[in-house]
Amino acid sequence: MAALCTLVMVVAALSDTNYVRRQGQYCIGNVHPNISVFVSNSTNVSECQAHCDYYSCSCFDVLEHTESGQWGCRVTITSETKTSSEGYNAFVKTGNNPSQYVATVNFGQTPRPFSHFWKSCGWCPPDPHPLFPEFFLTEDTFQNHLLISSVPNKGIEFVRIHFLLDLIKLVDNNTLVSNTESIVFLKDLPSFKNSFWAGRGLNYSALDAAMEQLVSFGLHPGFEIMGNPGNFANRSDRLFTSFGDHTQILAWNQFINDLVQRYVTKFGLAEVQRWRWETWNEPDGECGKGLEVDIDCDINSFMSYVDASVNAVKKVDASLIIGGPASDGGHEFLFGMIQHCINGTNAITGKIGCGPVDFINAHLKGDQDTATITLEELPIALKALAQTKGTVMNDVAWGNDEGDPKVGWSHDYPWRADSRYAAMVPKVIHQHQESFIEKNGIKYDVLSNDNGFMSYPDNNHSFTQRTLVARWVYNNTNPKTVAAVRKPVLNTMGLLALLGNDRYPAEGLLPALTSKVGVLATTIPDMSNNSTIVTTLVWFSADSENITSTAPSSNITLNMDSLPFSSSDDVMVAVYVLDELHGNSHTVYKQQGSPRFPSAMQLEEMRNASEIPMLPGYPKAAAVTSKGLSITIPMALPSVHVIQLCKRSPIAPPKIANVQLHKTPTSQPHEVIVRWDGVPNTVCIRTYIVKCSTNGEPSTRCNFIDSIFTSFLHTHSGELPEKLCYSVSAVDVFGQEGEESDSVCL
């Protein structure tokens, strides 16, 4: 420690950083000892400042008196302060001299596995639930899912939706319907044959349409086995009333088994194997309230429901994925389910255990920060997995599919609108990779943000709620029209999707849990030239602190050693940037005056601004030496950068497939959304080119801003031409353009 103190005192002597003293305050980042970057018993302010400078912190606090038994000096990355009852004085950094970070990555070392465990989002239908079928099939939901699906490399695969079973309508057997394939007569299901419900049927048309929409976009449902079929008008009649009734548990098992088999038949086993079946969401708080669908429930009867659901899914095919219980609160149902699945009597089979469960999960959220998610989730996970060790659940995975920085999706927070939220996402992913997977060897399933919602239709919350997309509704148009624009946080999902599956730890930085700078360095094979793509993401985040810089406040020098290239290879380096001025539709929205009903021109400006640019001068040739490559990047706080190194391929990118067109209800101007399947991330794509032609004329490019996302909204003033056709091609970072897709016409 003496050598370290000598070093930091030199740093302090050279620093022109200023601090503001806040008498009787403490840095809130120090409220938990594991969040502090540095602590010591010294109460010397100069020494504590030296440590703060060394760690590039934002705040340190010092005790006036040591009698309290607290640390004398504490250093943290957060700058907010509160009144101290322990006798602390806080010192908050105010200097604007850029901090210098240096990180070194050795790509010659053995990599660590890096599964993309974050490729999920979720949402809940609005009340009243009888309107859920109409809501799911609105233009709003269609555009929301389309934009979510356009993240490159299938960067979001799963959409986890509450109350899907409420999309199933109870009908009389003699009710005429246009699509009899959507009707399942309950008299044909053994468990209902002699019941009160034998004269009724289940109309699956709304649920079928919902699943078809997701699958058409290449998305997979996080299918929560949640809801209760009934009459759409007022839900006065529900199919199930009690999980404590064994007869109804047997009927539930039959109902869910038939449903799962239905979708295997409809979409094929290979598709449904990608789905995530999950038990009821957050039963700890919902079971005592009839699960919000008038089903009597307690912890014991819920375990019967788990038995029935797991058995129903696995009976169709053992490879299908199911888990739960998405526990919250005191997690009584989580630990209850573990014990039941190990020692309980199965309500369906009579055997011991609930049957094979693939994952267990719970919901832990932050307090407008990332560290709270990790610190509160980790002990729950360790306790749960300790109970499964050496049992039939020994290989079960762990997950948190509502790991949001803040509870309450509809609450307005300014940071949800801008690059602060965008930078928090890779930060908490990095924390989980280090703390759960690498340090504790946890088999991590899914870390999801529950942010697939759509903002309220009154247009007063377009950016500030917990959503991936900003929405505007124009109710006075006929028909009603909507507009949707990618938020910065959705762009982050696109940058994360560029990462590979082998990770190389960076040296020279603090652990992600206590740092505001992190480096995720990865590689992935490049199948086009038998080479390797090196992709590194750098996040710079102070969580939700009220800091949104428009100018660089720090630099990071990234030393990449032992790269998988030779000095004679033709290698290109690309650097993408996402901050307040780049890839940020919200900044443009504010500059426009935050219009409640943006014009067509304003929407186009926001969409253009949402495309993630490269730093000026990139892509450019990379001067790779025998040692490697060093690159320095200026960083604004907050920000996300991706540095990609690619060797020239002898072939152009592959031909684009599955081009889809959708004409929106908007007519002033007319709008056509073009969507396509992107090329895999084994190719370094600079942009997709969308070409359009009218009435047989030669095609020309119509998306003039480079984009790595796989959808584009094209506006047309005046009437639509009689024949309007589109094609799409991919261009790599070397400028090589692949073959155009087949032309698709309206």
Side-chain angles (χ1 to χ4, degrees), residues 143-156 217-218 419 422 468-470 483-498 535 537 572 574-579 581-588 603-616 618-619 640-642 644 646 652-662 671-681 683-692 699-715 726-738 740-741 744:
Q143 291 195 31
N144 186 43
H145 285 158
L146 187 148
L147 285 175
I148 289 171
S149 76
S150 71
V151 174
N153 304 324
K154 295 186 178 297
I156 297 180
F217 289 152
S419 55
L468 293 165
V469 171
V485 174
R486 290 199 315 265
K487 287 171 53 174
V489 66
L490 184 52
N491 278 350
T492 289
M493 301 302 290
L495 292 176
L496 283 163
L498 301 181
T535 306
L537 183 145
M572 194 73 76
V575 181
Y576 296 94
V577 55
L578 170 60
D579 56 24
L581 296 183
H582 303 90
N584 197 319
S585 55
H586 178 250
T587 296
V588 170
L603 289 168
E604 185 171 6
E605 289 174 350
M606 282 188 272
R607 291 189 178 108
N608 288 342
S610 71
E611 302 300 351
I612 308 171
M614 293 189 192
L615 283 179
Y618 290 92
V640 181
H641 290 77
V642 163
Q644 197 166 50
C646 312
K655 181 179 178 178
I656 297 300
N658 194 28
V659 176
Q660 305 170 26
L661 305 181
H662 171 72
E671 297 175 340
V672 177
I673 300 177
V674 187
R675 186 201 170 277
W676 58 92
D677 289 349
V679 301
N681 64 341
V683 180
C684 290
I685 295 300
R686 177 172 183 171
T687 187
Y688 292 99
I689 291 180
V690 179
K691 292 183 179 179
C692 52
S699 62
T700 57
R701 183 174 181 177
C702 48
N703 68 327
F704 300 108
I705 307 295
D706 285 354
S707 177
I708 59 174
F709 282 74
T710 61
S711 69
F712 169 66
L713 187 145
H714 189 205
T715 59
Y726 293 88
S727 62
V728 183
S729 60
V731 180
D732 68 18
V733 293
F734 292 89
Q736 299 179 115
E737 183 175 354
E740 286 184 27
S741 69
V744 179

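Heavy-atom basis, side chains included; hydrogens, waters and symmetry copies ignored. Positions are given from 1, in the same order as the sequence printed here.
In this structure a side-chain-to-backbone donor-acceptor pair under 3.5 Å is present from Arg675 to Phe217. A donor-acceptor pair is defined here as one N or O able to donate and one able to accept, closer than 3.5 Å; no such pair exists between the side chain of Asn491 and the backbone of Ala422.
The minimum heavy-atom distance between Trp676 and Phe709, with the atom names listed, is CZ2-O, 3.4 Å. Annotation for His714 and Tyr726: closest pair ND1-OH, 2.9 Å, computed over non-hydrogen atoms. Scanning all heavy atoms of the two residues, the minimum distance from Ile685 to Ile708 falls at O-CG2, 3.9 Å. Of all non-hydrogen atoms in Gly155 and Ala497, the two that sit nearest each other are CA-CB, 3.7 Å. Closest heavy-atom contact between Leu578 and Gly583: CD1-O, 3.2 Å.
With sequence neighbours left out, the side-chain hydrogen bond (donor to acceptor under 3.5 Å, both in side chains) criterion links Ser585 to no other residue.
Residues Val659 and Ser727 are not in side-chain contact: their nearest non-hydrogen atoms beyond the backbone lie 4.5 Å or more apart. The side-chain heavy atoms of Ile656 and Thr710, taken from C-beta on, include no pair separated by under 4.5 Å. Under the 4.5 Å side-chain criterion, counting only non-hydrogen atoms from C-beta, Arg686 is in contact with Pro619.
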Is there a disulfide (SG to SG under 2.5 Å) between Cys702 and Cys692? Walk through the geometry before answering. CA-CA 6 Å; Cys702 48; Cys692 52; 3.1 Å; no

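The CD1 atom of Ile689 sits 12.0 Å away from atom CZ of Phe712, with the distance rounded to the nearest 0.5 Å.
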